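All of these numbers come straight from a predicted model, not from anything done at the bench. Side chains are part of it too, since the values below use all heavy atoms of this structure and drop only hydrogens, waters and symmetry mates.
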Amino acid sequence: MNKKVIIIGAGGHSKVVADIVRKNGDFVEGFLDDAHETAVEFYGSKILGKTEKYLEYVEDCYFIIAIGNNAVREKISNKLNCKWYTGIHPTAVVSHSAIIGEGTVVMPNAVINADAHIGKHTIINTGSIVEHDCTVGNYTHVAPKSVVCGASNIGNSMWLGTGGTE
């Protein structure tokens with residue numbers, strides 16, 4: 001069954017998240033964004049209103065936060081009571097033993113290896129690698145082409161910059 005997904009945020013990151021939703025055969029119902037006008041078309045779907053309108057869709061839709069700022073993702077996720085969508089791009093390689101938290105986004109060509117634990121509402125960005133036995137905390141952002149080496153631990157709300165190594 002295809003899921004209807006509402007993406008919170010309407011910026012560059014949300015375009016990639018929308019691609020992930022669509023490539024997984026799910027449907028982008030629309031976007032919620034506090035900085036845009038309602039009913040404006042954005043990346044093939046409508047902006048449905050501000051974040052507070054989520055209650056109108058909570059029965060039928062899943063939600064995912066497509067905002068790069070860790071603190072904002074945490075604030076929104078703590079405020080909303082809904083079903084969270086976890087977006088894993090089809091080109092990502094994720095071990096069967098990896099654990100991926102709710103609301104997390106795993107971008108194109110990312111690799112998550114054996115027994116890695118990824119927290120909730122975390123971003124594993126394009127081409128990043130999280131090796132075996134790693135823990136990446138909640139609300140963390142592993143930027144493009146970063147490498148988290150085996151058995152490393154990255155805490156909550158951390159940011160590993162582009163091409164960084166832990």
Side-chain angles (χ1 to χ4, degrees), residues 2-3 5-28 31-35 42-45 51 62-80 82-166:
N2 294 4
K3 295 175 181 171
V5 179
I6 293 182
I7 299 170
I8 300 169
H13 181 57
S14 61
K15 292 176 182 179
V16 181
V17 171
D19 283 345
I20 291 170
V21 171
R22 292 175 178 134
K23 286 184 180 288
N24 284 321
D26 295 320
F27 179 73
V28 176
F31 298 85
L32 295 176
D33 191 284
D34 294 341
F42 179 80
Y43 205 60
S45 296
T51 306
Y62 287 80
F63 294 79
I64 190 164
I65 305 168
I67 298 172
N69 184 296
N70 296 341
V72 172
R73 277 197 321 280
E74 183 173 8
K75 181 178 177 183
I76 292 170
S77 74
N78 288 334
K79 187 175 175 182
L80 275 57
C82 59
K83 298 176 285 194
W84 294 110
Y85 184 84
T86 300
I88 300 173
H89 193 276
T91 64
V93 177
V94 179
S95 170
H96 76 279
S97 63
I99 297 171
I100 310 290
E102 69 180 10
T104 287
V105 179
V106 180
M107 300 288 209
N109 299 312
V111 176
I112 301 175
N113 278 323
D115 292 326
H117 294 253
I118 310 298
K120 63 183 181 178
H121 302 285
T122 288
I123 299 168
I124 306 298
N125 220 313
T126 305
S128 291
I129 300 169
V130 178
E131 276 296 349
H132 64 88
D133 301 301
C134 288
T135 300
V136 177
N138 301 323
Y139 312 106
T140 291
H141 186 157
V142 177
K145 301 231 179 240
S146 296
V147 178
V148 182
C149 297
S152 293
N153 183 14
I154 297 178
N156 295 331
S157 302
M158 301 303 290
W159 185 73
L160 180 60
T162 301
T165 303
E166 170 61 34

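Separation of atoms OG1 (T86) and CD1 (I100) is listed at 8.5 Å; rounding is to 0.5 Å. Separation of atoms CG (D133) and OG (S97) is listed at 8.0 Å; rounding is to 0.5 Å. In this structure, the separation between CD1 on I7 and OG on S45 is 7.0 Å, given to the nearest 0.5 Å. To the nearest 0.5 angstrom, D19 atom CG is 11.0 Å from N24 atom CG. Going from atom SG of C134 over to atom CD1 of I118 covers 7.5 Å, rounded to the nearest 0.5 Å. Of the inter-residue distances, the one linking H141 atom NE2 with N125 atom CG reads 4.0 Å to the nearest 0.5 angstrom.
Distance alone, capped at 3.5 Å, places no donor-acceptor pair between the T126 side chain and the P144 backbone. No donor-acceptor pair under 3.5 Å is formed between the side chain of N138 and the backbone N or O of G119.
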Do any side-chain atoms of residues 159-166 form donor-acceptor pairs under 3.5 angstrom with protein atoms, and if so which ones, sequence neighbours left out?
none

Under 3.5 Å, which donor-acceptor pairs link side chains of residues 62-78 to any protein atom two or more places apart or in another chain?
residue, atom, partner, partner atom, Å
N69, OD1, A71, N, 2.9
N69, OD1, V72, N, 3.0
N70, OD1, R73, NH1, 3.3
N70, OD1, R73, NH2, 2.8
N70, ND2, Y139, O, 3.2
N70, ND2, M158, O, 2.9
R73, NE, H121, O, 2.8
R73, NH1, I67, O, 3.0
R73, NH1, G68, O, 2.9
R73, NH2, H121, O, 3.3
R73, NH2, Y139, O, 3.4
R73, NH2, T140, O, 3.3
S77, OG, R73, O, 3.4
S77, OG, E74, O, 3.1
S77, OG, Y139, OH, 2.9
N78, ND2, E74, O, 3.2

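For the pair H89 and P108, the tightest heavy-atom approach, listed with the atom from each and the gap, is CD2-CG, 3.5 Å. Here the closest non-hydrogen pair linking A92 and M107 is CB-O, 3.8 Å. Between Y43 and R22, the shortest heavy-atom contact is O-NH2, 3.0 Å. What you find for I112 and A116 is that their closest heavy atoms are CG2-CB, 3.7 Å. For the residue pair F42 and F31, the shortest heavy atom distance occurs at O-CE1, 3.2 Å. Shortest non-hydrogen contact noted between A98 and N113 is CB-O, 4.0 Å.
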Original post:
Going through the checks in order, is the side-chain contact (heavy atoms from CB on, under 4.5 Å) test met by D115 and H132?
Top reply: CA-CA 6 Å; D115 292 326; H132 64 88; 5.9 Å; no
Original post:
Between N2 and D26, is a side-chain contact (heavy atoms from CB on, under 4.5 Å) present by the stated rule, with each step listed?
Top reply: CA-CA 5 Å; N2 294 4; D26 295 320; 4.2 Å; yes
**OP:** Just do the side-chain contact (heavy atoms from CB on, under 4.5 Å) check on I123 and H13 with the steps written out, would you?
**Re:** CA-CA 10 Å; I123 299 168; H13 181 57; 3.6 Å; yes
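Within the 4.5 Å cutoff, side-chain heavy atoms of L80 are placed close to those of T51.
The environment of NZ in K83 is crowded: more than 12 heavy-atom neighbours from other residues, nucleotides or ligands sit within 6.0 Å.
Remark: N153 engages T135 in a side chain to side chain contact (heavy atoms under 4.5 Å, CB included) (not counting sequence neighbours).
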